[in-house]
Colleague: 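First, the structure itself, so that you have it in front of you.
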Amino acid sequence: MISNACKFDLVSADLAFDSLRSSQKNLSWYIRPLGEYLRNDNDLILQEIDFDNSWASIWLWNFLLSENERLRSARNKGEKIIGCMKDLGTIPVMAYSLENVRAFYPDGTWWTPCVMKLSDGLFFVSTTQGCDISFCPVRAMLGAFINEEHFPIPDLLICSTGAVCDDFSAISQRLYWLGYDIKWWEVPRRRCAEFHEESVELPSGLIVPRIQVDFIKSELKRVFKILRNFSRSADSDIRLLSDGIRKANQIRRMIMHLRNLIFSSRRCPLPALEELIMEMMATHFCSDREECLLILKALTEEVERRISLGQSVLSEDCPKVYLVNPVSDIRMMNLIEDCGLRVCGTDFMFTHALELIPEDIDPFDALARMVLSDPMVGPAEDRCKHIIREALKYRVDAVVIVRIPGASHCAWECKSMSEKLKAILRIPVLDVEVPTLVDSIESTLKSRLEAISEIVHASKSI
Amino acid sequence: MITVGIDAGSRMIKGVVFDWDTKKVISKSSVLQGVDQTKLARKLYDQILDIAGIKADDVAGVVATGYGRTRVDFANNIVTEITCHARGVLFYKPGTRSIIEIGGQDSKFIRLTREGDIYDFAMNDRCAAGTGRFLETAAERLELTINSFGEKALESKNPAIISSMCVVFAETEIISLLTSGVPVCDIAAGIENSVASRMVSLTGGKIDKPIVFTGGVALIKGMHNAISNAIKDNVELMDDPLYTGAVGAAIIAVKMWKK
C-alpha cells in the first residue's frame with residue numbers, strides 16, 4: 001500500500017503493518033510490528049513518538065531495535081563479535097574486510113535509555129560503578145556490560161584513546177579495570193601542519209602533518225593484525241582492507257546521497273527522527289552491512305517517490321534549521337518538528353564516518369586520514385567551518401545546538417561554536433541542553449524552539 | 001478594536017484587555033497560577049472583560065503566551081513569551097535594543113534589531129538560578145514576604161557575597177551567613193546581586209542600548225538597581241512590568257486579526 005507521506009503513532013503503525021507488509025517481498029526475519037518491542041522489551045518511549053508512515057521507515061526502526069538480537073544470531077552461527085569503541089567509523093571498515101567477523105559499537109547503548117526510557121536501569125548500574133549523572137549518557141554502555149542484558153559480550157574489544165571524548169575514556173578505563181580486556185589504539189589531537197612539515201590532505205579537506213597520519217597508520221596496522229587472528233581470511237592485508245573500504249564507501253555514498261536528497265528538497269520527504277537513525281547506520285548499526293544497504297535503498301526509493309510526487313511530512317513554510325549534536329532523547333526530534341521547524345542539515349559528531357575514504361591510495365593511509373577527520377579529535381573551529389559550509393549549502397534559517405548533559409565536549413565547545421556561528425551566518429542560533437528524558441523541561445524547550453520559528457517567520461514577513 | 005492578551009506564567013496568570021483604537025489597556029488583572037490552569041485562565045478572562053465592561057463577542061482575538069499558553073483553551077492563537085515580551089516592550093519603548101525579563105521560572109535576554117525585530121535570545125537553563133523562584137526561596141529562608149524582601153534589601157549598605165547560583169546551595173549559604181551574624185538586609189541585597197550577575201552572564205557581555213528591564217521580578221524593590229549595577233549601564237524599567245507579556249500578546253492579536 002502506498003499512501004501519502006505523514007507521521008503516525010505506534011498504534012497506527014501497528015494497524016498499518018500488515019497492509020504495508022503485503023506488498024513487500026523477501027522480508028528480513030527480524031521485522032515485526034513495532035509494538036512488539038514495547039510489549040517484549042519494554043521500549044516505553046515507542047508509545048510517545050511519531051513515526052514516518054513508510055514501509056522503509058518501519059524496516060529502519062526494526063533494524064535499530066533488533067541489533068542485539070541479530071548479533072546473538074550471528075554468534076550462534078559461529079561469527080566472532082568485535083566491540084568497537086569510540087572511533088565511530090574506523091574499525092568496522094576493517095571488520096568488513098574479514099570473514100567470520102562482525103563489528104558493532106557498544107557505545108550505541110547510550111541510545112538504549114533514550115529509546116527504552118526508564119525501564120532498564122542501565123544508568124543506575126553505571127552509577128554504582130562510579131559513573132554517575134555527571135558523565136555523558138554513553139555511561140549506559142558500562143551498565144550494559146555489567147548486566148549482560150543487551151548486546152552479547154564481545155569476543156574482542158578495541159577502543160580508541162587519546163584525543164577522544166573525556167567521558168568515554170573514563171568509562172572505558174573503568175570497564176578495563178573491571179576486567180574486560182580492551183585493545184587500545186591511540187589517536188593524536190589533530191593539528192595543522194607546520195610550515196616545514198610534510199602535509200597530507202584529509203577527506204574533509206583539512207591539511208594535517210604527515211607524521212600524524214603515519215602514526216595512526218601504524219596503530220591501525222597493529223589493530224588489523226589483532227583482528228586477523230579472529231578471521232579465516234587469507235588474502236593480503238592491503239587487498240583485504242581495500243575491499244573493506246570499498247564496502248564501507250558503498251554505505252557512505254548512499255547515506256550522503258539520501259541525506260542530500262532530504263535536505264535539499266523543497267518539501268520535507270522524511271521526518272528528522274528517521275533521518276537521524278538513517279545517518280547513524282554509518283556507525284552504530286554497522287554490524288549488518290548487507291541489510292543496511294537494502295534499507296538505505298528502500299529509504300532512497302521512498303524519498304525519491306515522495307519528492308517526485310511533491311509529498312511532504314511537514315508543512316511547506318517550516319523554517320529550516322541545522323542541528324548540531326545528537327539528541328539525548330529521541331522525542332526531541334519530533335518536538336523540533338512539532339514546534340514548526342524542519343531539520344535541514346546535521347552534524348551528529350560523526351561527519352567523518354559519512355565521508356568517502358580514498359580508494360586510490362594505500363588503504364591504511366586512507367583509513368588513517370579518515371580517523372583524523374573526526375570532529376572530536378580536532379578544534380571546534382574546524383567543526384564550525386564544516387557546519388557553516390553545510391548551513392549555507394542547505395540555506396538554513398537557524399541553527400539548533402543541542403548540548404548533551406554531562407558530555408564534556410559540549411561544555412567546552414557549544415558556547416564558542418554558538419558565538420562563531422551567530423557571527424558568521426547571522427541567523428538565530430539556539431544553544432540548549434536536552435536531558436536524557438525531556439519530560440521535565442518540555443515546555444521550556446518548546447518555548448525556545450517555537451521562538452526560533454517565530455523569529456524566522458517574522459524576519460521573512462518584513 | 002478590542003483584543004485580549006493572556007500571559008499564563010509559572011507563578012501568575014496575567015490578562016489585559018487592549019483597545020487598539022486608543023492604544024490603551026482598558027483593564028487588567030492577575031491570578032496566582034494553580035492546578036487547574038485552564039479554569040483559572042478562563043476565570044481571569046471573564047474578570048478582565050467584566051472590569052472593562054465588554055462582552056466576549058466584542059473581542060476580536062485572544063492570544064495566549066507564557067509557559068502555560070497551551071492550557072488557555074479559549075485563545076485564538078498561542079505565541080511564545082519571547083515574542084510577546086518583545087512586542088510589549090517595543091510598544092511602550094520603541095527603539096529598545098535589549099530586553100531583560102525575569103519571571104517566576106525563567107529569565108530571558110532578548111536582542112532586537114534597530115527595526116525592532118528579535119534576532120537573538122538567551123534563556124536560563126533548567127535550574128532556578130537567576131529567576132523569581134530563586135528570590136522567593138531566599139525570602140522564605142529569611143522569613144520575609146517577596147515584597148518585604150525587596151524593601152529589606154534597600155536598607156543594606158554592605159551587601160553580602162552570595163557565591164552559589166544553585167538555589168539549594170544558596171539556602172545553605174544563607175543559613176551560614178545568618179549564623180555568622182550577617183544582617184538580613186545585607187543577605188537580601190546579596191541575593192539580588194546574585195540574580196543580577198546571573199543575568200549578566202546570560203547576556204554574554206554584549207548589550208546594545210537602550211536596555212529595558214521587565215517581568216514580575218522587576219517589581220521587587222532593589223532589583224532594578226542591582227541589574228543596572230551589574231550591567232554597569234543605565235537600564236530602563238517598564239512602568240507595569242508584570243503585564244508586558246500580556247500586552248504584547250494583545251498587540252499580536254491585533255496584528256493577527258488584521259491579517
Side-chain angles (χ1 to χ4, degrees), chain A residues 133 319 328-329 335 338-341 397-406 410-411 414-462, chain B residues 7-10 33 37 63-71 77-87 90 99 101 103-128 131 201-206 245 248-249 252 255-256 258-259:
Chain A
I133 197 167
S328 319
D329 182 336
L335 191 64
D338 293 346
C339 291
L341 301 169
D397 303 300
V399 178
V400 176
I401 301 177
V402 165
R403 273 179 282 128
I404 305 164
C410 288
C414 286
K415 184 75 183 164
S416 60
M417 284 203 305
S418 167
E419 294 301 320
K420 181 95 182 174
L421 294 172
K422 274 180 202 170
I424 304 278
L425 293 169
R426 306 191 73 78
I427 55 177
V429 177
L430 177 66
D431 169 15
V432 66
E433 182 175 282
V434 177
T436 311
L437 296 171
V438 295
D439 307 63
S440 61
I441 62 157
E442 192 179 321
S443 63
T444 60
L445 280 174
K446 276 183 84 169
S447 286
R448 288 159 164 84
L449 293 166
E450 284 176 2
I452 289 288
S453 175
E454 288 169 4
I455 291 169
V456 173
H457 278 301
S459 71
K460 285 185 173 175
S461 66
I462 294 167
Chain B
D7 180 0
S10 62
Q33 187 61 281
Q37 299 180 7
V63 165
T65 187
Y67 106 106
R69 60 190 178 278
T70 54
R71 309 296 298 166
N77 271 298
I78 56 170
V79 177
T80 67
E81 51 270 40
I82 295 144
T83 301
C84 288
H85 277 285
R87 283 307 122 215
L90 286 167
I99 299 169
E101 193 271 332
Q105 186 175 260
D106 55 34
S107 45
K108 306 174 194 73
F109 178 68
I110 305 168
R111 294 178 205 277
L112 303 161
T113 62
R114 283 181 209 287
E115 293 75 32
D117 299 306
I118 303 167
Y119 74 93
D120 191 18
F121 66 91
M123 288 172 78
N124 64 312
D125 266 333
R126 49 189 161 141
C127 83
T131 70
S201 73
L202 210 57
T203 68
K206 282 189 301 184
I252 289 168
K255 294 190 174 168
M256 284 178 166
K258 282 183 173 176
K259 275 186 181 175

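We name chains A, B, ... by the order of the sequence lines, and we start the count at 1 in each one. Atoms considered below: every heavy atom in the structure, side chains included; atoms not considered: hydrogens, waters and symmetry mates.
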Colleague: Holding to salt bridge (Lys or Arg N to Asp or Glu O under 4.0 Å), I want the full list of residues that pass it with A:K420, two or more places apart in sequence or in another chain.
Modeller: A:E381
Colleague: Heavy-atom cut-off 4.5 Å, strictly under: side chain, backbone, both or neither for A:R403 against chain B?
Modeller: side chain
Colleague: Below 4.5 Å from any heavy atom of chain A, which atoms of B:E115 appear? Answer side chain, backbone, both or neither.
Modeller: neither
Colleague: Tell me, please, which residues at least two apart from B:R87 pass salt bridge (Lys or Arg N to Asp or Glu O under 4.0 Å).
Modeller: none
Colleague: Considering only heavy atoms, which portion of A:K422 lies under 4.5 Å from any heavy atom of chain B: side chain, backbone, both, or neither?
Modeller: side chain
Colleague: At a heavy-atom separation under 4.5 Å, does A:L445 approach chain B through its side chain, its backbone, both, or neither?
Modeller: neither
Colleague: Are B:F121 and A:R448 close enough that some pair of their side-chain heavy atoms sits under 4.5 Å apart?
Modeller: yes
Colleague: By a 4.5 Å heavy-atom criterion (distance strictly below it), what part of B:R69 contacts chain A: side chain, backbone, both, or neither?
Modeller: side chain
Colleague: Please say which of A:K446, A:E450, A:E454 ends up in a side-chain hydrogen bond (donor to acceptor under 3.5 Å, both in side chains) with B:T80.
Modeller: A:E454
Colleague: Let me know if A:V429 has heavy atoms under 4.5 Å from chain B in its side chain, its backbone, both or neither.
Modeller: backbone
Colleague: Could you tell me which non-hydrogen atom of A:S447 sits nearest to which non-hydrogen atom of B:I82, and how far apart they are?
Modeller: O-CD1, 3.9 Å
Colleague: Any idea which of A:D431, A:I427, A:V432, A:I455 has the most non-hydrogen atom pairs under 4.5 angstrom with chain B?
Modeller: A:I455
Colleague: Measure B:I118 against the heavy atoms of chain A and call it side chain, backbone, both or neither at under 4.5 Å.
Modeller: both
Colleague: Is it the backbone or the side chain of B:K108 that comes under 4.5 Å from a heavy atom of chain A, or both, or neither?
Modeller: neither
Colleague: Just how far is it from atom CG of B:D120 to atom CD1 of A:I452, taken to the nearest 0.5 Å?
Modeller: 8.0 Å
